[in-house]
Amino acid sequence: MKILTVVGARPQFIKAAPVSRILRQHHTEFLLHTGQHYDDAMSDLFFRQLAIPAPDLNLEVGSGRHGAQTGAMLPGIELVAIEQRPDWILIYGDTNSTLAGALVGAKLHIRVAHVEAGLRSYDRRMPEEVNRVVADHLSDILLSPTDAAVANLAREGITEGVRMVGDVMYDVALASAQAARKRDIVRRLGLKTKGYVLATVHRPGNVDEKGPLESVLKAFAECGETVVFPAHPRTRKRIREFGLESRLKETVRMIDPVDYLDFLALLIDAKKVATDSGGVQKEAYFFGIPCVTLRDETEWIETVEDGWNAVVGTDTPDVVDAIKNFNPRGTKSKSFGDGHAAEKIAGLLESFP
Ligand code: UD1
Ligand code: UDP
């Protein structure tokens, strides 16, 4: 088979790593990076650390408004698809790069495989929700990470081509845990095991307006814990624009984004996680770290049903209360697969009629 993989943003590099590795054992992959993320710490760093082959092409579209950014990706992906004539276009998650890959495949009658299909927040104001709904409806094979995702697809009348494979992020997390435990970032930052909260924030709804961003930063300052905060470039830019630097008390350690193993190392040793990231909510669950989600809903409902994720929004008192008092008990019972989602995906692409 020939597979055209389209990636562009940080979490997609992490998700693609195990799948690319397995696909390349028996097949040809053309790896197309749209250039949606471009800072070393948001892109190339992950290729190096996770031993992902260098992209065959980087479209270097960069940042922009949704229409401009997505539109800029289309001609480049289309040209490669026409030249390469792949058997599959493989897309991940819910970014503008995902949407662009899906559109090109559908228009050129090239089969589209969507990894992480069926996730829903049921909030169409989120750009990701629009991207995943369209991508799912255009995909030929829908590779879902959870049973809840399969049920979401069924509610929209999508049953054909749906396969529950487990979560590729679980594959990567399991495979990387040992290496992460050897990292010394916790010591280097002068932190104590279970003596800090790890925080990330980047959703447009939380950072593109001053109100919610200020409210979250205030909660970090007032929660009574050291907060380690590897800031997404979008968030750092907004903090500067809104003049919110003064909200970062000395207990709030805003640092640059870190590499994947350092991030896992910080997560494993954290007392709690506070985040609006989809991937980080799951990773907290994988490693049994209580998660405070800075949103009003989540796609990863298993983590909430099992009692490990408190979805609290962005109001300062609610976030402070959850950071101080949310203490899950009991075991983790929900399935994100068996750590072999990537093999299942490769097998399904090979055997799909
Ligand atoms: C994108 C995805 C989001 C995903 C996130 C992962 C969409 C619509 N959103 O959001 O689903 O959770 O990636 O991190 O596709 N920037 C830099 N350097 C970079 C990348 C971004 O400075 O390397 C800054 C730019 O100011 C840019 C802003 O971050 O305008 C936002 O980047 P963009 O890719 O548009 O969206 P994300 O918020 O990263
Ligand atoms: N991550 C990382 N370094 C950081 C912050 C996050 O490596 O400084 C990883 C994290 O481990 C997770 C992924 O990035 O696997 C999540 O990506 P992000 O939060 O950007 O996007 P989302 O999952 O919300 O789409």
Side-chain angles (χ1 to χ4, degrees), residues 6-17 33-46 49-50 58 60-70 72-73 91-101 116 119 121 125-132 134-135 145 167-173 176-177 180 183 185 198-208 228-241 254-268 270 273 275-284 286-287 289 293-295 298-300:
V6 179
V7 289
R10 171 169 66 186
Q12 296 174 322
F13 311 137
I14 298 166
K15 290 167 198 176
H33 187 328
T34 62
Q36 177 170 350
H37 285 179
Y38 43 85
D39 290 350
D40 186 69
M42 295 297 287
S43 173
D44 292 8
L45 186 57
F46 294 88
Q49 184 170 70
L50 298 171
N58 188 325
E60 295 179 1
V61 300
S63 304
R65 290 187 306 276
H66 288 282
Q69 188 182 54
T70 311
M73 295 172 190
I91 53 173
Y92 292 86
D94 52 21
T95 74
N96 289 344
S97 302
T98 315
L99 174 64
E116 220 176 66
L119 271 292
S121 64
R125 291 182 57 82
M126 285 178 72
E128 293 83 2
E129 184 76 354
V130 178
N131 292 343
R132 53 196 168 217
V134 178
D167 194 320
V168 286
M169 286 190 95
Y170 187 47
D171 292 17
V172 194
S176 309
R183 308 290 278 206
I185 182 158
L198 176 64
T200 77
V201 199
H202 74 279
R203 298 258 89 86
N206 284 351
V207 305
D208 284 358
V228 180
F229 177 29
H232 188 289
R234 173 182 211 116
T235 310
R236 193 178 274 276
K237 192 170 119 190
R238 294 302 189 203
I239 289 174
R240 227 180 3 248
E241 259 174 43
M254 183 161 85
I255 58 175
D256 286 335
V258 296
D259 66 43
Y260 179 66
L261 292 179
D262 276 355
F263 192 82
L264 283 192
L266 284 169
L267 178 113
I268 290 167
V273 166
T275 191
D276 62 8
S277 157
V280 177
Q281 288 175 64
K282 274 186 293 178
E283 287 163 352
F286 300 157
F287 290 101
I289 313 298
T293 293
L294 309 168
R295 288 178 47 191
T298 180
E299 298 79 24
W300 302 103

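In this chain, numbering begins with 1 at the start of the sequence shown. Both ligands and their constituent atoms are indexed starting at 1 by order of listing. The basis for the numbers below is simple: all heavy atoms, side chains too, and nothing from hydrogens, waters or symmetry mates.
- Residue contact check: P257 has heavy atoms under 4.0 Å from atoms 8 (O) of ligand 2.
- Here is the list of ligand 2 atoms found below 4.0 Å of a heavy atom in M169: 12 (C), 15 (O).
- For atom 3 (C) of ligand 1, the closest heavy atom belonging to the protein is E128 OE2, 3.2 Å.
- Taking atom 18 (N) of ligand 1 as the reference point, the nearest protein heavy-atom neighbour is D39 OD2, 3.0 Å.
- Under a 4.0 Å criterion applied to the non-hydrogen atoms of Y260, ligand 2 contributes the atoms 7 (O), 11 (O), 15 (O).
- Residue-level proximity to ligand 2 for L264 is absent, since no heavy atom of it falls below 4.0 angstrom.
- In this structure, R203 counts as a contact residue of ligand 2, since one of its heavy atoms falls inside 4.0 Å of the ligand.
- Side chain to side chain, Q12 and T95 meet the donor-acceptor criterion of an N or O pair below 3.5 Å.
- The option with the heavy atom closest to atom 33 (P) of ligand 1, from among H232, Q36, R65, is Q36.
- When only non-hydrogen protein atoms are considered, atom 9 (C) of ligand 2 lies nearest to I14 CD1, 3.8 Å.
- For a threshold of 3.5 Å applied to N or O pairs, the pair formed by V258 and ligand 2 contains at least one separation below that value.
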Mind running side-chain contact (heavy atoms from CB on, under 4.5 Å) on F13 and L45 for me, showing each step along the way?
CA-CA 10 Å; F13 311 137; L45 186 57; over 6 Å; no
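- Looking from atom 15 (O) of ligand 2 to the surrounding protein, the closest heavy atom is E283 OE2, 2.5 Å.
- For atom 23 (O) of ligand 2, the closest heavy atom belonging to the protein is G279 N, 2.8 Å.
- Near D259, with a cut-off below 4.0 Å to any heavy atom, the atoms of ligand 2 are 7 (O).
- Regarding atom 25 (O) of ligand 2, its nearest protein heavy-atom neighbour is P11 CG, 3.6 Å.
- The protein heavy-atom contact nearest to atom 5 (C) of ligand 1 is H202 NE2, 3.7 Å.
- Distance check: I185 CD1 to D259 CG gives 7.5 Å after rounding to the nearest 0.5 Å.
- T200 contributes atom OG1, which lies 5.5 Å from atom CG of D276 (distance to the nearest 0.5 angstrom).
- Between H66 and ligand 1, no N or O atom pair is found at a separation short of 3.5 Å.
- Nearest to atom 35 (O) of ligand 1 among the protein's heavy atoms is Q69 NE2, 3.8 Å.
- Of the inter-residue distances, the one linking E283 atom CD with I268 atom CD1 reads 9.5 Å to the nearest 0.5 angstrom.
- For atom 17 (C) of ligand 1, the nearest protein heavy atom (residue, atom name, distance) is Y38 OH, 3.2 Å.
- For the residue pair A16 and V7, the shortest heavy atom distance occurs at CB-CG1, 4.0 Å.
- Residue R234 places at least one N or O, backbone or side chain, under 3.5 Å from an N or O of ligand 1.
- Heavy-atom distances between M42 and ligand 2 stay at or above 4.0 Å for every pair.
- At least one heavy atom of R203 sits less than 4.0 Å from an atom of ligand 1.
- When non-hydrogen atoms are compared, ligand 2 lies under 4.0 Å from the side chain of P230 (C-beta onward) but not from its backbone.
- Between R10 and ligand 2, a contact under 3.5 Å exists for at least one N or O pair.
- Among protein heavy atoms, the minimum distance from atom 20 (C) of ligand 1 is reached at H37 CD2, 3.4 Å.
- Looking only at heavy atoms of the protein, atom 7 (O) of ligand 2 is closest to F46 CE2, 3.3 Å.
- Distance check, rounded to the nearest 0.5 Å: CZ of R295 to CZ of R203 gives 6.0 Å.
- With respect to atom 6 (C) of ligand 1, the closest heavy atom belonging to the protein is P11 CD, 3.5 Å.
- On a distance-only criterion, F263 and ligand 2 share no N/O pair closer than 3.5 Å.
- The closest side-chain heavy-atom distance from R234 to K237 is not below 4.5 Å.
- At a threshold of 4.5 Å between non-hydrogen side-chain atoms, the residues P145 and W300 count as touching.
- Judged purely by distance below 3.5 Å, without hydrogens or angles, the side chains of Y92 and S97 never pair a donor atom with an acceptor atom.
- Scanning all protein heavy atoms for the shortest distance to atom 19 (O) of ligand 2 gives S277 OG, 2.7 Å.
- For D94, no nitrogen or oxygen atom sits less than 3.5 Å from a nitrogen or oxygen atom of ligand 2, counting backbone and side chain alike.
- On a distance-only criterion, R10 and ligand 1 share no N/O pair closer than 3.5 Å.
- Between S97 and ligand 1, no pair of N/O atoms sits closer than 3.5 Å.
- For atom 24 (O) of ligand 2, the closest heavy atom belonging to the protein is G278 N, 3.0 Å.
- Among all protein heavy atoms, the one lying closest to atom 27 (C) of ligand 1 is S63 OG, 3.2 Å.
- The aromatic rings of H232 and H202 sit parallel, their planes meeting at an angle under 30°, below the 60° perpendicular limit.
- For the pair Q281/T275, a side-chain contact is recorded, criterion being any heavy-atom separation below 4.5 Å from C-beta on.
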